[in-house]
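Here is how names work: the chains are called A, B, and so on, in the same order as the sequence lines, proteins then strands, and each is numbered from 1.
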Amino acid sequence: MKKINYWLVKSEPSDYSFSDLLKEPEQTAEWDGVRNYQARNILQNEMKINDQVLYYHSNSKPSQIVGTAIVVKEGYPDFTSWDPKSKHFDPKSTPQNPKWFMVDIKADKIFKTPITLQEVKNNKKLSNMVLVKNSRLSVQPVTEIEWSIILDMSK
DNA sequence: GCCAACGTTGGC
DNA sequence: GCCAACGTTGGC
């Protein structure tokens, strides 16, 4: 049996929210625009099909985890990086030598109760979450234990 | 809107 | 390869 990994991705809801993802055909979207090496490495090498993803709304009132998604396509070049019209354009990235990568995710469950950042911080068992420790990383690993605690809280 | 914390760039 | 300057993220 294949091992499932758990992740958390952030998006500003004013930019692209969980309900935007739900409106997509097949509720699936390219997770493009990530321009941070640590996050890129996860997208390119570590996220696998069927991995589970927490969907977090950052810069929000309140900032919170609002649902889950599933990886449906593994790391491939982020073509917005060589599109001069894209706001994520990077002249150092080309189709021949792509610098940035993305995956496709499909919305899975919307939380009955969103989990606010405050609640995550208030839970001692979640004090090692990357979300708490390194608030700037936009694609980050979540442990199986953290995953199950958060899913329990969301019921 | 402020600003702390962090990541990236580039001069030396 | 160091590190100052700069840019960005994201909580508050």
- Message: Between A:K133 and A:N59, which residue's closest nucleotide on DNA chain B lies nearer the 5′ terminus?
- Response: A:N59
Please tabulate, for side-chain N and O atoms in residues 147-155 of chain A, each donor-acceptor pair with protein atoms closer than 3.5 Å (sequence neighbours left out).
residue: A:S148; atom: OG; partner: A:E144; partner atom: O; Å: 3.4
residue: A:S148; atom: OG; partner: A:I145; partner atom: O; Å: 3.0
residue: A:D152; atom: OD1; partner: A:K155; partner atom: NZ; Å: 3.3
residue: A:S154; atom: OG; partner: A:L151; partner atom: O; Å: 2.8

- Message: Strictly below 4.0 Å, N to O, side chains only: are A:D90 and A:K99 in salt-bridge contact?
- Response: yes
- Query: Taking 5' to 3' order, which nucleotide of DNA chain B is first and which is last to have an atom within less than 4.0 Å of a heavy atom in chain A?
  - Reply: B:dA5 to B:dT8
- Note on the structure: Between A:N122 and the options A:K124, A:E119, A:Q118, the side-chain hydrogen bond (donor to acceptor under 3.5 Å, both in side chains) test singles out A:Q118
- Query: What about the rings of A:Y37 and A:W100, do their centers lie closer together than 6.0 Å?
  - Reply: yes
Just list the side-chain donor-acceptor pairs under 3.5 Å for residues 21-30 of chain A, sequence neighbours left out, or say none.
residue: A:E24; atom: OE2; partner: A:Y16; partner atom: OH; Å: 2.7
residue: A:T28; atom: OG1; partner: A:E26; partner atom: O; Å: 2.8

- Task: Give one of base, sugar-phosphate or nothing for A:K61, where a contact means two heavy atoms less than 4.0 Å apart.
- Result: nothing
